[in-house]
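Only one structure is covered here, and it is reproduced in the block below.
This chain uses plain numbering: 1 for the first residue, then up along the sequence.
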Amino acid sequence: MGLQTNGLSLEVVGREITGRPVQGKPRRPAGPFLLGLPALLLSCVLLVPIGVTVVKAFVTNQHFGFGNFAVIGDPAALHAVGNSLLWVLVACGTVAVGFSLALLSYRLPAVTTLLQPALVIPFAVSVLVSGATFRMIFDPTPERGTITAVTTRLFGSSPVWLGPGLFWIVLMSAFGWTWLGYVVSLFRAGLDAIPDDVSRTLAAEGVRGWKRLWALEIPLLRPITGVVTLTLVIAAVRVFDLVLIVVPGSMQRSADVLGLNWWRASTTNADSGRTAALGVVLFAIVAAVGLIGVRGLRRRRWAMPVAVVPLEPTLRRPRPRPVVRRLGWFIGSAVALVWVLPAVVLVATALHSPREAGLRGWWSPSGLGFSSFAAAANVGLFRALLSTLVIATAATAVLLVIAVPTAYLVAWGGLPPRVGRVAMAVFVVLAVTPVQMYAAPLRDAIDAAGLAGSRVSLALVHAAAGLPFAVLLLRSAFASAPPAVVSEALQGPVRQSAVLATVQRTYRPALIAVAVLEFALVWNDFIVGFLISGPGTTPLSLVLWGEARQFSTSSGPVAAAAVVASVVPVVLLLSFWRTVVRGLTTGSRP
């Protein structure tokens, strides 16, 4: 607007408003904050014992300091720290191998046909079952061990696979067999979610091979790489039962990890402060490496399952040539056969009598029957099944009821940004916290409350332990909701409840993923039941471990119990695997 007066020419123009249109802070309703109250109370089940452990670790003779951390100078503890770091490298190596297999199956689509179900089965069984299976495969006698029999036939003799040094091969084989399917499935889902037009554009510009890998696939898969790395690092540093069941007792100290070293110290009346210091060191290792995975829990719009117009067939990925399809089918079949072999060994051993299973290998035709299953039933297998079913169902139900509103509160509930960042940081810390950080104080508290051996207390501990990862995963799914959908719901008459209903309906795969994974994790759990629960709960894994302590004479009942214990999680994971992967990748289509 122009203005002229007394020979002066003035021009008035507007400027962009950079501050608040209305002074003061917006009023925030207190109601949505109540959604996080149950999560706060449940998290205290872990936060209080963790605080007790930290205080014990830093208090020596009523003085605050680092005196208790001198325990790391102990040669046994130092050896355990080195082994724990080695397991972190094993986890990173598994991620690299899984990414390569996913890339191969993406380039040769026929590979996935048989490979996918073969990879899912090991992920569904517990680590204890995987360890028992690979101990059978690497049994040092050629009459029973598959690998020993093959190497003896080929070379005339065989190394003692469960001997000094070589037991690491067995441990890493069992770990890789368990987790590789999870890694491949998530990476493959991420590769399939890359828009076809982006791939075609890069191909038209001559970006192929390694250039395509570095320019397109690795950057776009970075969020999934973070999730996968976080999960496997946590699993690797928490390795506990795998060492107990695979490595013979006389050599277990050579394979000690920090978790096992902590357990030995806590069961030998060692100084509680020094034991707590071991737990803090274990937590520091997990937290330092786990920060890499946190990046994967951020919002990623490229994988959102928004409704789009289907592409013209000519614009989709071209079908591979027949020779490429045949090559992919051949490679996929070969890898699937190798991968499913341990499951065949386990089932075949279970179908032999206890005596024959202890004398001969799974390939022997003599002694077939169901007597090993009967022997397993006599040691309380079915009571343990019922107990595990009750605990897993209760823990899953409690987790869903508390995690869903909490994730919504963090994603869309209107938390102040600073409070939201603090809440996320707390959940990240709790997600990577090892059991050893809260096991001893929590066990003492449960004993003092007279709840030792209670299934309710064990279910609550499982729900509290699973809550952080569930909230992080659901929050990521909720936060990826189309802003237009959320804005429309927020403008409706019921506001917050409408938003919650919208994101739940739209992102049901994430809810199913949380429920299925929590149920399977609790079903297969060993360490929480072993360190915290009393004898009254009798989780399935504890019964299995009790039988496995006399492994050479009870391999038949151990295999039978392992088969029975694996049926429910295998059926559950195979039934919902595609949905679970969609939920873990926030909408990517596997």
Side-chain angles (χ1 to χ4, degrees), residues 93-138 146-147 150 170 172-192 224 228 231-232 235 242 320 324-351 362-363 513 516-517 520 523-524 559 562-582 584-585 589-590:
T94 306
V95 172
V97 174
F99 176 75
S100 301
L101 275 178
L103 201 60
L104 176 65
S105 68
Y106 183 66
R107 298 281 193 269
L108 304 173
V111 169
T112 312
T113 306
L114 295 176
L115 187 59
Q116 184 79 3
L119 291 176
V120 172
I121 292 175
F123 180 66
V125 304
S126 69
V127 175
L128 207 65
V129 171
S130 298
T133 305
F134 275 80
R135 183 162 176 174
M136 295 173 191
I137 293 174
F138 285 92
T146 307
I147 300 297
V150 171
V170 187
M172 288 188 285
S173 300
F175 183 85
W177 188 66
T178 299
W179 283 101
L180 204 59
Y182 170 83
V183 179
V184 172
S185 297
L186 263 64
F187 276 129
R188 179 59 199 271
L191 288 168
D192 286 343
I224 293 180
V228 169
T231 308
L232 259 71
L242 188 61
V324 175
R325 290 202 300 271
R326 284 194 291 271
L327 177 62
W329 187 88
F330 175 77
I331 295 176
S333 302
V335 176
L337 286 175
V338 172
W339 217 252
V340 83
L341 179 62
V344 174
V345 172
L346 183 68
V347 174
T349 304
L351 289 175
W362 59 275
W363 57 87
V516 171
L517 291 179
W523 183 279
N524 291 329
V563 169
V564 174
S566 303
V567 170
V568 171
V570 167
V571 172
L572 190 65
L573 264 296
L574 284 177
S575 302
F576 292 97
W577 185 244
R578 294 175 65 87
T579 307
V580 168
V581 172
R582 287 179 59 195
L584 289 173
T585 54
R589 289 170 295 180

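Contact detail for A124 and P569: the closest heavy-atom pair is O-CB, 3.2 Å. The two residues V184 and A102 make their nearest non-hydrogen contact at O-CB, 3.7 Å. Heavy-atom minimum distance, A174 versus L242: CB-CD1, 3.8 Å. The nearest pair of heavy atoms linking P342 to F134 is CG-CZ, 3.9 Å. Minimum heavy-atom separation, W523 to A565: NE1-O, 2.8 Å. Here the closest heavy-atom approach between residue I224 and residue G190 is recorded as CD1-CA, 3.4 Å.
With sequence neighbours left out, the side-chain hydrogen bond (donor to acceptor under 3.5 Å, both in side chains) criterion links W339 to no other residue. Listed by chain and number, the residues in a side-chain hydrogen bond (donor to acceptor under 3.5 Å, both in side chains) with S130 are T178 (sequence neighbours excluded). Annotation: ring-ring contact (aromatic ring centres under 6.0 Å, His included) contacts of F123 (sequence neighbours excluded): W179, Y182, W577.
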field: side chain to side chain contact (heavy atoms under 4.5 Å, CB included) assessment of V129 paired with S126
entry: CA-CA 5 Å; V129 171; S126 69; 3.2 Å; yes
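Separation of atoms CG (L573) and OG (S566) is listed at 11.0 Å; rounding is to 0.5 Å. A distance of 7.5 Å separates CG of L186 from OG1 of T231, quoted to the nearest 0.5 Å. The distance from atom CG of L346 to atom CD1 of I121, rounded to the nearest 0.5 Å, is 11.5 Å. The OG atom of S105 lies 11.5 Å from the CZ atom of F187; values are rounded to the nearest 0.5 Å. The distance from atom CH2 of W177 to atom OG1 of T94, rounded to the nearest 0.5 Å, is 14.5 Å.
A donor-acceptor pair under 3.5 Å is absent between the side-chain atoms of R188 and the main chain of L103, judged by distance alone. At distances below 3.5 Å, not a single donor-acceptor pair connects side-chain atoms of N524 with backbone N or O atoms of V127.
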